[in-house]
Structure formats: structure tokens, C-alpha cells
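Structure record follows, encoded as C-alpha cells.
For clarity, every value in this text was computed on a predicted model and none was experimentally measured.
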Amino acid sequence: NDFAGALQNYHGAFAAASDLPRTKEALTPQALYQMLRASLGSTNLAVATEAMGKILQSYPNHPVTDRSVLLVGQGLTDLGKPDKARAEFARFVELFPESPLRPEVELAIAQIHGQKAEWLAAITNYDAWLEHFGTNPLRPRAEFNRAWANFQAGNETNALKLFTNFVAQFATNELAPQAQWWVADHYYGQNDFPNSEKNYKLVFQNWPASELAPEACMMSGRAAVGGQNYAGAIEYFTNLTGGRLDCSPKLKSQALFAYGGALTLLDSRDTNRYANLELAIQVFGTIHSSNPTNEQSALALGEI
């Protein structure tokens, strides 16, 4: 990742080959491509665009040429210049309509619409992409983005269907836990707490290594409280407070507070009410004693 050093040495290789015609011919397109990559790595769009121009002018049919235009477009997107990026992608489609990279470019165009909150245009582009490139390995990303665009456009019913289908079809994809989380969030927002709890639970059951897993356990507990399943909620909260390694200190503190709250809601039909209240006092006391100067400590004292 020493992009300045890389760029300097690619220039050096380029200069060293200037008196060796055959070497220069073989080396130049690849050297320009590497210079383009190094320039993008150091966010030097001017040099990257210059290198791309030289490649397009002198080596229009070289294997690195279409990739060069794609990289510049992606670089512009990363730097928050979506309109310029879209122009580069449009140029790509015009110059290389049969390129194997075209699905990636067309997907990037749809994503730019999303970046600009042009959700209906994004949906149209994702629909067209899936119609033309439905067997491409990038399909999961397109399906997920289409579902998200539908949600942002206010088509929540359609988004629910698309995210649900995504989980069913691409359960091993890295985006599957996020899709499952969205489904759970949807039900939570509708106050459908039993379905919300069930779907949050699926996140940490099916993808236990996901960074969303501990948060999903916490949300399962909150959904259980919303559905008045207080005993079930306590199981989720104590799962997090019982030394779970992927539970951050902040989340553990939140789980402790929620555990204390659930204990106060248990009535005599569940277990002994006074014993629950005594235990809740201990839980809130633990929160206060662990960090007596923060806001949650003050709230814990209020609960006591």
C-alpha cells in the first residue's frame, strides 16, 4: 500500500524500457494499468485518468483496457463523484458492450442511482440487471440492493418479500444476516413482536459468527418483552450477560439493564415476585457499581 513508491517505480520501469522497443511494447499497457491502480490508491484521480486515456488511445483492445475504465469509475464513486462516475460507466458500455465486466458496470450504475436516492430509477436498473445477468455471480448483491431500494422507495411489502426470498435463496451469502435482520426489523416496526422475536433469533442461530449475532440476541429479548414473554426475554438477556465473548461491554451493560427490567415485569404466575424484585435490585446495583458516574448508572439507581 505504498502507492507513492509504487507509482515512482512503475514510472522507472516505463523509462527503463524506452530504448527497448519490444520490451516497451509488452510492458507499457500493464505499466500504465498499474500506474492507474497506484494513483487511485493514493486518490490521485488526475494521474489515474491520464493513464486511462493513454491506455484507451494506444491499446483499445488490450485485456486491461476495459478494467481501467471500470476502476476509474469506481474510484470516482468512492470519492463521492457519482455523476462523473456514471459518465465513465456509460463510456464503458459504449466502448465495450461485450466485455465480461459489463455486468459489474451495469450494477455500479444502478448503485449510483441508490447513492443519489433515485430509488425508482435504481429499482428499474436492478430489475433490468437481473433480467439480463441473472446467472452472474453478482446476483446476490443485485437482489439485496433491489430489496433495499424498494424499502427506501416506500414499497415495504415488496421489500419484505424480496428480503425473505433472499434469505431462502442465498443463506450462505455474507449479506444474508443483514437481510434476515431487515425482516425482523420490519415486524418489530409493525409491533408484531412474536414474528420479530422469531426472525431476530434466526440471525444469531443461523449465523453465530456474524457481527450482528449479539445485537440480534439483544433485539430478540426486546421483542420478547414487547410480546410480554418476559421469561423468554430473560433467557436472551442472560445469554449476553453470562460471559459471551462476542458481547461488547456496552451491549452487556444494556443487556443487564434490560434483564433487570424484565425481572420487574414478571408476575407471581411466573415465579416468586418478591424474589424477582430483589434480584432486579442486585442487577441494577451491579450496573451502578461498575461505573457509578455514567448516565445508565443514574437510570439504574432510579429503577432501584
Side-chain angles (χ1 to χ4, degrees), residues 144 148 151 163 166-167 171-304:
F144 184 91
W148 180 255
F151 166 56
F163 278 121
F166 184 95
V167 174
T172 60
N173 187 270
E174 61 182 4
L175 294 170
Q178 295 181 45
Q180 185 67 65
W181 180 283
W182 187 94
V183 173
D185 265 359
H186 167 79
Y187 287 119
Y188 194 87
Q190 299 293 318
N191 292 331
D192 183 348
F193 297 115
N195 269 320
S196 178
E197 177 187 346
K198 179 179 73 174
N199 281 279
Y200 282 125
K201 188 175 182 179
L202 287 173
V203 175
F204 68 85
Q205 282 185 330
N206 294 342
W207 301 278
S210 169
E211 62 181 11
L212 293 175
E215 289 283 356
C217 187
M218 184 70 190
M219 289 304 300
S220 296
R222 287 174 174 158
V225 170
Q228 299 183 1
N229 175 18
Y230 305 123
I234 287 172
E235 288 189 28
Y236 295 119
F237 298 141
T238 53
N239 181 2
L240 293 168
T241 61
R244 183 169 170 157
L245 295 178
D246 60 352
C247 182
S248 68
K250 180 179 179 181
L251 184 61
K252 183 176 180 179
S253 181
Q254 292 174 357
L256 271 172
F257 198 96
Y259 172 34
L263 285 168
T264 68
L265 295 170
L266 281 169
D267 60 30
S268 57
R269 289 174 297 177
D270 296 300
T271 184
N272 185 288
R273 175 149 178 78
Y274 293 104
N276 292 334
L277 293 176
E278 288 292 339
L279 182 55
I281 288 172
Q282 293 178 32
V283 171
F284 288 123
T286 299
I287 296 171
H288 170 64
S289 62
S290 63
N291 197 339
T293 60
N294 68 8
E295 181 181 359
Q296 197 163 44
S297 173
L299 293 172
L301 283 175
E303 292 296 326
I304 293 172

Report summary line: Taken in chain and number order and not counting sequence neighbours, the residues that satisfy side chain to side chain contact (heavy atoms under 4.5 Å, CB included) with Ala216 are Trp181, Val203, Phe204
Going from [atom1] on [X] to [atom2] on [Y], what distance comes out if it is rounded to the nearest 0.5 angstrom?
X      : Y      : atom1 : atom2 : value
Phe237 : Met218 : CZ    : CE    : 5.0 Å
His288 : Asn294 : NE2   : CG    : 10.0 Å
Trp148 : Leu175 : CH2   : CG    : 12.0 Å
Leu212 : Gln178 : CG    : CD    : 6.0 Å
Leu266 : Tyr230 : CG    : OH    : 8.5 Å

Requested in this report: Please answer whether the main-chain N or O of Leu265 pairs with a side-chain N or O of Arg273 as donor and acceptor at a distance below 3.5 Å.
Outcome: no
**Report entry** Ser297 side chain vs Thr293 backbone, donor-acceptor pair below 3.5 Å
**Finding:** no
Report summary line: Residues at least two apart in sequence or cross-chain that pass side chain to side chain donor-acceptor pair (under 3.5 Å) with Gln296, listed by chain then number, are Ser253
Requested in this report: Given side chain to side chain contact (heavy atoms under 4.5 Å, CB included), test Arg222 with Gln254 step by step and report yes or no.
Outcome: CA-CA 11 Å; Arg222 287 174 174 158; Gln254 292 174 357; 3.9 Å; yes
Report task. Considering non-hydrogen atoms only, spot the tightest contact between Ile287 and Ser290 and give its length. Result ->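 The pair with the smallest heavy-atom distance is O-OG, 2.9 Å.
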Query raised in the report: Nearest heavy-atom pair of Gly221 and Ala233: which atoms, and what distance?
Result: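 Result for this residue pair: O-CB, 3.4 Å.
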Requested in this report: Begin with the C-alpha distance, continue with both residues' side-chain angles, and end with the deciding distance and a verdict on side chain to side chain contact (heavy atoms under 4.5 Å, CB included) for Tyr236 and Tyr200.
Outcome: CA-CA 11 Å; Tyr236 295 119; Tyr200 282 125; over 6 Å; no
**Report entry** Given Asn199, Asn206, Asp185, the one that forms side chain to side chain donor-acceptor pair (under 3.5 Å) with Gln180
**Finding:** Asn199
**Report entry** Working for side chain to side chain contact (heavy atoms under 4.5 Å, CB included), residues Lys252 and Leu240
**Finding:** CA-CA 6 Å; Lys252 183 176 180 179; Leu240 293 168; over 6 Å; no
**Report entry** Evaluation steps, ring-ring contact (aromatic ring centres under 6.0 Å, His included), between Phe193 and Tyr187
**Finding:** CA-CA 7 Å; Phe193 297 115; Tyr187 287 119; over 10 Å; no
Requested in this report: Using the side chain to side chain contact (heavy atoms under 4.5 Å, CB included) rule, take Phe284 and Leu301 through it: C-alpha gap first, then chi angles, then the decisive distance, then the call.
Outcome: CA-CA 7 Å; Phe284 288 123; Leu301 283 175; over 6 Å; no
Query - Other residues, nucleotides, ligands: >12 heavy atoms within 6.0 Å of Gln205 CD - result: yes
